[in-house]
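Dumping the structure here so I can ask a few things about it.
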Amino acid sequence: MQATAFIIGGEEHRREALFNLCADIGFRAIVNFTNLSLVEKQVQQTPICYFLFALNGISHNTAGITRAIRASRNRQIKLAPVIGFAENAPPKMVAAILNMGFDDIIVPPFTATSVFPRLSSHLNRRVSFFETQKYFGPDRHIGLHVHHQRDQEKSMQYRKLLIVRNLESGITILKDKVCTAPPANNAKSNIAIAV
């Protein structure tokens, strides 16, 4: 795969297992994440970089690194696939991880055969992103209610982007628009999370 995998995680054996999985998949480069300046240089070599988190619950590092990625001024970083790998994925952890702006959470088996299609599914298709004051990540049609930002009587503006990720050209923004949501008491109550 002509992309770079940045490995993020607290425990060395989990990072090593993820590194070996990425080698089996055939990533062009596999790097232990240290900071975004390294990523800035790497996106010039491989326009698509995956951020792969070896999750063991939710650590302070996970939220901080994810916020830094999603706040980057470089769209090749800000809109890059952010994927979590978790041995166990209790619903509370899944909800917290998705609300951080992750694209996907993968659970065992962690084999090249099972993981490669999941990683590839984030390429060459249109992906909607959703931005509010407290959230930036894939639009899962969860509405603005989840982020508890809206006053019951006021409408709220949010930003919606439509992107495509491609191994050769990187990330292309097809549409970028600001929308206004109606007050919470007028909004639809159908909320669903697609994992």
Side-chain angles (χ1 to χ4, degrees), residues 6 8-10 33-37 39-40 43 48-86 88-107 121-122 125-165 170-195:
F6 280 96
I8 305 161
F33 177 86
T34 52
N35 59 53
L36 286 180
S37 63
V39 183
E40 291 277 353
V43 294
I48 295 294
C49 294
Y50 283 81
F51 294 95
L52 307 179
F53 285 75
L55 298 172
N56 183 20
I58 303 169
S59 69
H60 176 68
N61 259 1
T62 302
I65 293 170
T66 305
R67 272 194 304 274
I69 292 165
R70 293 298 188 216
S72 175
R73 292 182 183 195
N74 184 324
R75 76 171 174 223
Q76 307 293 15
I77 298 170
K78 181 176 186 143
L79 299 167
V82 177
I83 315 290
F85 288 78
N88 299 306
K92 190 174 182 178
M93 184 184 93
V94 169
I97 293 296
L98 293 178
N99 282 328
M100 286 181 203
F102 274 63
D103 288 85
D104 203 353
I105 298 173
I106 298 176
V107 295
S121 73
H122 297 279
R125 69 177 179 91
R126 294 172 179 223
V127 179
S128 292
F129 266 67
F130 185 75
E131 182 176 22
T132 68
Q133 291 177 350
K134 295 182 182 179
Y135 175 79
F136 184 80
D139 181 358
R140 294 186 176 82
H141 305 288
I142 54 180
L144 302 177
H145 315 289
V146 174
H147 307 291
H148 306 293
Q149 308 178 53
R150 191 183 337 174
D151 186 294
Q152 292 291 327
E153 297 177 10
K154 295 181 182 176
S155 61
M156 181 184 148
Q157 285 193 335
Y158 63 94
R159 182 177 173 205
K160 191 162 187 175
L161 295 100
L162 185 63
I163 68 164
V164 172
R165 298 167 175 143
I171 297 168
T172 304
I173 299 174
L174 304 174
K175 199 181 283 187
D176 183 352
K177 67 179 183 175
V178 175
C179 305
T180 302
N185 55 4
N186 293 337
K188 294 179 182 178
S189 61
N190 295 338
I191 297 174
I193 295 178
V195 179

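When reading the values below, keep in mind they use all heavy atoms of this one structure, side chains included, and skip hydrogens, waters and symmetry mates.
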**Item:** Contact summary for A86 and M93, nearest pair of heavy atoms
**Value:** CB-CE, 3.6 Å
**Those residues that, when tested against V164, pass side-chain contact (heavy atoms from CB on, under 4.5 Å) (two or more places apart)** =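 side-chain contact (heavy atoms from CB on, under 4.5 Å) check on V164 returns R126, L174.
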**Prompt:** How long is the gap from CZ on R70 to CD1 on I65, to the nearest 0.5 Å?
**Reply:** 13.5 Å
**Prompt:** Rounded to the nearest 0.5 Å, how far apart are CZ of F130 and OH of Y158?
**Reply:**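 Spacing of CZ (F130) from OH (Y158) equals 6.0 Å.
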**Exercise: identify the closest heavy-atom pair between L79 and I163** =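 What the structure gives for the nearest pair is CD1-CG2, 3.8 Å.
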**Request:** Return the set of residues passing salt bridge (charged side-chain N to carboxylate O under 4.0 Å, His left out) with R159 (not counting sequence neighbours), or none when no residue passes.
**Result:**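 For R159, the residues satisfying salt bridge (charged side-chain N to carboxylate O under 4.0 Å, His left out) (neighbours in sequence not counted) are E131, D176.
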**Prompt:** Can you tell if the side chain of F129 reaches within under 4.5 Å of the side chain of P138, non-hydrogen atoms only?
**Reply:** yes
**Message:** Could you check whether any side-chain heavy atom of Y50 comes within less than 4.5 Å of a side-chain heavy atom of D103, counting everything from C-beta outward?
**Reply:**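 Y50 vs D103: side chains apart.
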**Request:** Hey, could you give me the CG/CD1 distance between N61 and I8, rounded to the nearest 0.5 Å?
**Result:** 9.5 Å
**Contact list for residues 71-85, test side chain to side chain donor-acceptor pair (under 3.5 Å), sequence neighbours left out** = E40-N74
**Fill in**
For L98 and Y135, the nearest pair of non-hydrogen atoms, with its separation, is O-CE1, 3.6 Å
**Message:** I want to check something: taking the side chain as every heavy atom from C-beta on, are F136 and L161 in contact at a cut-off of under 4.5 Å?
**Reply:**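 When only atoms from C-beta onward are counted, L161 and F136 do touch, with a gap below 4.5 Å.
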**Prompt:** Taking only residues two or more places apart in sequence or in another chain, which ones pass side-chain contact (heavy atoms from CB on, under 4.5 Å) with A80?
**Reply:** F51
**Message:** A side-chain contact here means heavy atoms from C-beta on lying under 4.5 Å apart; do T66 and I97 qualify?
**Reply:** no
**Fill in**
Those residues at least two apart in sequence (or on a different chain) that pass ring-ring contact (aromatic ring centres under 6.0 Å, His included) with F33 are none
**Item:** Residue pair A89 / V107: nearest heavy atoms and the distance that separates them
**Value:** CB-CG1, 3.8 Å
**Message:** Using the side chain to side chain donor-acceptor pair (under 3.5 Å) criterion, which residues pair with T34? Sequence neighbours excluded.
**Reply:** none
**Item:** Non-hydrogen side-chain atoms of I83 and H122 separated by less than 4.5 Å
**Value:**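 The answer is yes, as the side chains (C-beta and beyond) meet within the 4.5 Å cut-off.
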**Fill in**
The single option from I69, I77, V43 that satisfies side-chain contact (heavy atoms from CB on, under 4.5 Å) with C49 is V43
**Request:** Decide yes or no for F53 and I105: does some side-chain heavy atom of the first lie under 4.5 Å from some side-chain heavy atom of the second?
**Result:** no
**Request:** List in chain and number order the residues that pass side-chain contact (heavy atoms from CB on, under 4.5 Å) with S128, two or more places apart in sequence or in another chain; answer none if no residue qualifies.
**Result:** D139, K160, L162
**Prompt:** In chain order, what residues pass the side-chain contact (heavy atoms from CB on, under 4.5 Å) check against P91, with sequence neighbours excluded?
**Reply:** none
